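Below you'll find the structure, written out as structure tokens, and then a few comments.
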There are 2 protein chains.
Amino acid sequence: MADVGRAAGVSAQTVSRYFSGVGYVGGSTRERIAAAVAELGYRPNRAAGSLRARHTGIIGVLTVGELVHGSAQILTGLSQAARRLEQTLMIAQVELGYEAEGWQGEVRRAVDHFLSAPVDGIVVSTSISGVDEALDAARAHVPVVNLSERPRVLDGSVGTHSFTAGYEGTGYLIGQGHTAVIHLAGPATRHEAIERERGYREAMREFGLEALVVGEARDWSSATGFAAAQQVDVDRFTGVFASNDEIALGFLSAMERRGRKAPTDFSIVGVDDMPAAAYFSPPLTTMRLDFQGVGRTTLQTVYEMIRTGESTARRVIEPELRIRESVAAPRDRTR
Amino acid sequence: MADVGRAAGVSAQTVSRYFSGVGYVGGSTRERIAAAVAELGYRPNRAAGSLRARHTGIIGVLTVGELVHGSAQILTGLSQAARRLEQTLMIAQVELGYEAEGWQGEVRRAVDHFLSAPVDGIVVSTSISGVDEALDAARAHVPVVNLSERPRVLDGSVGTHSFTAGYEGTGYLIGQGHTAVIHLAGPATRHEAIERERGYREAMREFGLEALVVGEARDWSSATGFAAAQQVDVDRFTGVFASNDEIALGFLSAMERRGRKAPTDFSIVGVDDMPAAAYFSPPLTTMRLDFQGVGRTTLQTVYEMIRTGESTARRVIEPELRIRESVAAPRDRTR
DNA sequence: CAGTAACATGTGATCGGTAACTTGCCTAGG
DNA sequence: CCTAGGCAAGTTACCGATCACATGTTACTG
């Protein structure tokens, strides 16, 4: 900055004002600085600036496991909003191991990494049981926004409404006349899966129907749905509520091998509305979740918390039923 | 650090040595520092450190458009490798507009943002025609690795081999007896799409067959494949090579509406091997691309370039045929 | 036993900015 | 005519680390 100042015939401090926009810089001075900047190819060094200013404009994003549809879309939304607010995203990924021990340490490491950067705030994308605890250390230093279905601290959290997705998805099936509706659960470690199942159970209970959860999921993959379809008794259900589209796809695939197609032999609804879902065979009726929107409001939320120092109230994004062709009224089996 | 040093009875410089690992720190001193660090909850400030040290350990990742299967997996690979090498990823996204003008400026803005951070290196994930030029400014300051099919500067670039994907995917169809093979192209702005088409054309040419590209793609989505299927003459082909799995899915879906199923009525092969592809109806034969691997070697490459200051030779990851059930020998139409 | 190398630590300058305060000018209001 | 306040800059200290260099100790070597 001193060099630029010299070239423009002003002090470094004035150049600093020119870039930061705080304080006054005269019109002609402004032009001379701009010229000097262009000529020298100068760019301010944010690492230096943030040292004295005590904020970096960096927001840490913690992701869990590989980026699949939902988390990738969330990240897309986060980075859209970050660009608009001129914040920088620093990402750290923790591998999702099944040995409970290792990954808590991983989270702590990632948090340390962030605080050391240092970041102005942290968002935890895709939350798992137990992250909350590992995050308390960070809360003391910077705002933390939890993108979670069941955050331990409600304020300053954002989430989709997975319970509603489960409740309405199942309700739609029931509304079409299905009474034997089974559920294909997602991984039990994930809050989204737990809430969707809870929504399913609640809907079934309200209508006096018996809930039945099929299979055991280790992940959100189609393999999970495929495996569930292989062990299910095809005569014991007419409706299926799947915890996500990918699982629904696996189920569809396995049922096709067993000679059953939706919506004639059974009906099915998923959750997510991944882009491919509209082209499944049949096109899948599903509870759409606006992941990009979730990402955007999440970033907006940390940003506000950073600026104001106060937690905002919990924000929730509601799912929306997308009717396609995988659901029909059940055939009368007694005939 | 001075505080920690005081608590441990040493100078700040020794604490610095303790953290950085360069220079000598005695055993008992090391323990006292560790104790002081734990007690004070101290964490070094990397923004400060990098100011003097003149490197930040941050690598900028430029992504284009929203994170879809390929780019999301690449990012996953990048961040896995980053964690292992103790590098930090800073991501910036540029929106993929169709007004040629705007996005060149966007790239320049993002590069500026990176250089200003400042980052030690830049990787450009998912390259488009013209990014190369916008990147030259950055090359003067830090190593830039281009994740591209046709980089303008070959050294220090990484890519998948899309040409091979096109060539072998088409070749497989031909090998199964198909002579009328059409191509569902990807967006013409993307190098991957161009190379896959080139591979397709080359294979057709070698066998003396006539190439036919159907439809016009604006993106990689299923809608593209769906639209192509609607305008194609079903009697003029038996084989289909799609530029990616998603497009193949759209095509499958539209053909099913027209009463044609693979592999009985036609055969089709895609590219990518997205997780869902194995559960399409029918399970899709496709050219698998190891995107996570691409991400990992890309990050490894920038890292080496940062350390050594020299460009590495171009690295290419080869696709691999995954045979499933969407391809069969063509039915004899004359009968 | 002097000389040298490895070990262990400290001192002062410095990286590139920003905060806080100060100075000087000009205009408007009482 | 004096003063308050907005405007336009400059001065100095400081953010939290690392670098280059200096110093003292111990161990080994010939």
Side-chain angles (χ1 to χ4, degrees), chain A residues 1-37 40-58 86 88 112-120 141-142 306, chain B residues 1-37 40-58 86 88 112-120 141-142 306:
Chain A
M1 273 189 172
D3 289 348
V4 175
R6 210 165 300 129
V10 295
S11 73
Q13 180 58 41
T14 303
V15 181
S16 172
R17 286 198 191 92
Y18 168 81
F19 277 105
S20 70
V22 306
Y24 305 102
V25 179
S28 70
T29 307
R30 192 177 294 278
E31 281 170 30
R32 289 200 326 279
I33 293 177
V37 165
L40 299 175
Y42 171 79
R43 254 177 284 267
N45 181 318
R46 289 204 303 271
S50 56
L51 186 55
R52 177 73 227 239
R54 322 204 68 83
H55 59 261
T56 53
I58 303 176
E86 301 197 281
T88 295
D112 247 51
H113 189 78
F114 282 150
L115 291 179
S116 179
V119 300
D120 290 346
H141 298 92
V142 296
I306 291 170
Chain B
M1 273 189 171
D3 290 345
V4 175
R6 209 166 299 126
V10 295
S11 73
Q13 180 58 41
T14 303
V15 180
S16 171
R17 286 197 191 93
Y18 168 81
F19 277 106
S20 70
V22 305
Y24 305 101
V25 180
S28 69
T29 307
R30 191 176 297 276
E31 281 170 30
R32 287 197 330 275
I33 294 178
V37 165
L40 298 176
Y42 169 81
R43 254 177 284 268
N45 180 319
R46 289 204 303 271
S50 55
L51 184 55
R52 179 72 230 239
R54 322 203 68 84
H55 58 262
T56 54
I58 302 175
E86 301 196 281
T88 295
D112 248 51
H113 189 77
F114 281 151
L115 292 179
S116 180
V119 300
D120 289 347
H141 297 92
V142 296
I306 292 169

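Just so it is clear, the values below take in all heavy atoms, side chains as well, and ignore hydrogens, waters and symmetry mates. What you are looking at is a predicted structure, and each value in this text was computed from that prediction instead of being measured. Residue numbers begin at 1 in each chain, while the letters A, B, ... track the order of the sequences.
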Sugar-phosphate, base or nothing in reach of A/R43, heavy atoms under 4.0 Å: sugar-phosphate

Could you state the atom-to-atom distance from CE of B/M1 to P of D/dC15 in whole Å? 15 Å

Using a strict heavy-atom distance below 4.0 Å, which residues from residues 45-54 of chain A are in contact with DNA chain D? A/L51, A/R52, A/R54

Atom pairs and distances, side-chain donor-acceptor, residues 7-26 of chain A, under 3.5 Å, sequence neighbours left out:
unit_1	atom_1	unit_2	atom_2	d
A/S11	OG	A/Q13	N	3.4
A/S11	OG	A/T14	N	3.4
A/S11	OG	A/T14	OG1	3.3
A/S20	OG	A/S16	O	3.2
A/S20	OG	A/V22	N	3.4

Sub-4.0 Å heavy-atom contacts from residues 11-20 of chain B onto DNA chain C, ordered by number: B/S11, B/Q13, B/T14, B/R17

If you restrict it to nitrogen or oxygen atoms, what contacts under 3.5 Å exist between nucleotides 5-8 of chain D and the protein, and what is each distance?
unit_1	atom_1	unit_2	atom_2	d
D/dC7	OP2	A/Y24	OH	2.5

Below 3.5 Å, can you tabulate the donor-acceptor pairs from side chains in residues 45-54 of chain B to any protein atom, sequence neighbours excluded?
unit_1	atom_1	unit_2	atom_2	d
B/N45	OD1	B/A47	N	2.9
B/N45	OD1	B/A48	N	3.0
B/R46	NH1	A/H113	O	3.0
B/R46	NH2	A/H113	O	3.2
B/S50	OG	B/R46	O	2.9
B/S50	OG	B/A47	O	3.2

Test salt bridge (charged side-chain N to carboxylate O under 4.0 Å, His left out) applied to B/R30 - qualifying residues, sequence neighbours left out: none

Rounding to an integer number of Å, can you tell me how far A/R6 CZ sits from C/dG17 P? 13 Å

Check nucleotides 24-27 of chain D for protein N or O atoms closer than 3.5 Å to its own N or O atoms and list the pairs.
none

Taking the side chain as every heavy atom from C-beta outward, state whether A/M1 and A/V4 have any atom pair closer than 4.5 Å. no

Return the set of residues passing side-chain hydrogen bond (donor to acceptor under 3.5 Å, both in side chains) with B/T56 (not counting sequence neighbours), or none when no residue passes. B/D120

Quantified as the angle between the terminal helix axes (five pairs each), what is the overall bend of the helix from C/dC1-D/dG30 to C/dG30-D/dC1 to 10 degrees? 30°

What is the distance from atom CG of B/L115 to atom NE2 of B/H141, rounded to the nearest 0.5 Å? 6.0 Å

